[in-house]
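Since the structure is predicted, the reported quantities are computational estimates derived from the model, not experimental observations. Reckoned from all heavy atoms, side chains included, excluding hydrogens, waters and symmetry mates. In listed order, ligands and their atoms are each counted from 1.
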Amino acid sequence: MRKAERVNVPDIFKFSEEVESALVEKRAVVALESTVIAHGLPRPQNLETALRLEEIVRAKRAVPATIAILEGTVHVGLTSAQLEHIARSGDVHKISRRDLPVAIAKRWYGATTVATTALIAERAGIKIFATGGIGGVHRGGSQDVSADLPELARVNLVVVCSGAKIVLDLHATREWLETHGITVVGYDTDEMPAFYSRLSGLEVDVRADSPAEVAAILEARRALNLEGATLVTVPVPEDAEVKAERLDEVLSEALAEAADRNIIGRELTPFLLSRMAEKSGGETLRANLALLENNARVATEIALAIARE
Ligand code: PSU
Ligand code: MN
């Protein structure tokens with residue numbers, strides 16, 4: 001059974017052979033996003049990380065499906081040359097939900113955010129997606145709320161992350177998730193992680209200490225026919241954590257600079273992340289890489305547990 005015969009898979013999707021056969025054979029597939037590669041990390045670490053995340057998934061005998069738009073086609077699973085293009089070309093758009101039809105109509109190259117990667121992964125028949133930090137409600141009452149949140153309320157997918165990015169209002173983001181019925185799981189933790197830091201002071205809905213526990217929650221969600229994501233939150237590994245005092249300092253400087261320069265909209269998150277990396281002498285970047293790798297590992301273990309069912 002090839003793509004055309006699988007139900008509800010849009011014609012404009014192009015699968016790599018590896019991903020296509022894994023899906024047909026119902027083997028474990030882990031979706032990965034491309035905005036973090038194109039806009040979230042500096043060169044050359046971005047390409048190195050993209051390749052390493054794929055290796056981590058493959059090492060456990062699962063299949064990585066990095067998602068991006070190439071000349072207006074939605075690609076599920078990229079070759080290393082395609083990954084390289086996303087990482088190195090300066091001409092890749094950041095594609096959220098509203099931009100997706102435009103990117104296709106105008107034949108753009110586009111990197112997919114959490115929102116669009118989740119949307120595409122779900123339609124492709126993938127069950128799990130790993131990223132760094134989700135978007136959320138921005139600080140300072142600007143009414144800037146990431147399209148990641150409403151997408152998570154819609155898709156039937158497990159999203160593995162280290163919470164919402166620290167540049168956001170974590171409390172408001174946590175409340176948003178609750179209002180919209182997104183189950184927040186703490187993986188080996190009782191507290192929702194805070195991206196570069198392990199603790200946020202915010203509770204999770206349930207703690208899970210193994211992939212099987214996550215799989216059981218999914219099974220129950222499926223039985224209830226509940227739409228919406230299960231957010232599995234994993235703390236950054238201890239040795240890469242950025243201490244709170246250090247983080248507060250570089251974050252408030254970055255936020256002040258963004259306000260001064262009137263940086264808003266899709267530019268804001270990438271600006272804050274890169275300014276923090278510079279100001280911390282690379283400490284936040286190191287944490288970002290460590291949590292991305294760890295999340296890919298955890299997502300693969302959960303993907304294998306789900307595929308065994
Ligand atoms: N995780 C990271 N770094 C990132 C992102 C996630 O470690 O840069 C990206 C994701 O693609 C997410 C986006 O969807 O940042 C959020 O952007 P915005 O706040 O503009 O919605
Ligand atoms: Mn935004």
- Message: As a quick check of understanding, evaluate side-chain hydrogen bond (donor to acceptor under 3.5 Å, both in side chains) for Thr183 and Arg221, giving each step before the final call.
- Response: CA-CA 10 Å; Thr183 303; Arg221 264 197 102 92; 2.7 Å; yes
- Task: Among all protein heavy atoms, pick the one closest to atom 19 (O) of ligand 1 and tell me residue, atom and distance.
- Result: Thr269 OG1, 2.8 Å
- Message: For Val114, which part has a heavy atom under 4.0 Å from ligand 1: side chain, backbone, both, or neither?
- Response: both
- Residue and atom name of the nearest protein heavy atom (relative to atom 10 (C) of ligand 1), distance in Å to one decimal: Glu33 OE2, 3.3 Å
- Message: So for atom NZ, which belongs to Lys279, do other residues, nucleotides or ligands contribute more than 12 heavy atoms lying within a distance under 6.0 Å?
- Response: yes
- Task: Tell me, yes or no, whether the heavy-atom count around Arg174 atom CZ, taken from other residues, nucleotides or ligands under 6.0 Å, exceeds 12.
- Result: yes
- Residue portion contacting ligand 1 (non-hydrogen atoms closer than 4.0 Å) for Leu273: side chain
- Shortest non-hydrogen contact between Leu273 and Lys165, atoms and distance: CD1-CD, 3.9 Å
- Should the proximity of Thr113 to ligand 1, defined as any heavy atom under 4.0 Å, be assigned to the side chain, the backbone, both, or neither? both
- How close does the nearest protein non-hydrogen atom get to atom 9 (C) of ligand 1, and which residue and atom is it? Lys165 NZ, 3.3 Å
- Task: Please verify whether a non-hydrogen atom of His138 lies at under 4.0 Å from ligand 1.
- Result: yes
- Task: List the closest protein heavy-atom neighbour of atom 20 (O) of ligand 1: residue, atom name, distance to the nearest 0.1 Å.
- Result: Lys94 NZ, 2.7 Å
- Note on the structure: Residue, atom and distance of the protein heavy atom nearest atom 8 (O) of ligand 1 read Gly40 CA, 3.4 Å
- Message: Side chain, backbone, both or neither: which applies to Asn288 and ligand 1 if a contact is any heavy-atom pair less than 4.0 Å apart?
- Response: side chain
- Check Asp144 and report its N/O/S atom nearest to the Mn ion (ligand 2), by atom name. OD1
- Task: Could you please spell out the steps behind the side chain to side chain contact (heavy atoms under 4.5 Å, CB included) verdict for Asn295 and Thr131?
- Result: CA-CA 7 Å; Asn295 294 349; Thr131 183; over 6 Å; no
- For ring-ring contact (aromatic ring centres under 6.0 Å, His included), just list the numbers for Tyr109 and His85, CA-CA rounded to whole Å, side-chain angles, deciding distance to a tenth of an Å, and then say yes or no. CA-CA 9 Å; Tyr109 280 86; His85 186 90; 4.4 Å; yes
- Message: Tell me if the CG atom of Asp91 is crowded by more than 12 foreign heavy atoms within 6.0 Å.
- Response: no
- Considering only non-hydrogen protein atoms, determine which one is nearest to atom 3 (N) of ligand 1 and report residue, atom name and distance to 0.1 Å. Val36 CG2, 3.5 Å
- Item | Salt bridge flag under 4.0 Å for residues Glu241 and Lys243 | yes
- Note on the structure: Looking only at heavy atoms, the pair that brings Gly135 and Leu149 closest together is O-CD2, 3.8 Å
- Give the residue, atom name and distance (to 0.1 Å) of the protein heavy atom nearest atom 21 (O) of ligand 1. Ser146 OG, 2.7 Å
- Query: Where do Thr284 and Asn288 land on the side chain to side chain contact (heavy atoms under 4.5 Å, CB included) test, with the steps shown first?
  - Reply: CA-CA 6 Å; Thr284 60; Asn288 207 341; over 6 Å; no
- Query: Looking at ligand 1, does any of its N/O atoms fall within less than 3.5 Å of an N/O of Gly133?
  - Reply: yes
- Would you mind telling me if ligand 1 is within reach of the side chain of Leu291, the backbone, both or neither, using heavy atoms under 4.0 Å? neither
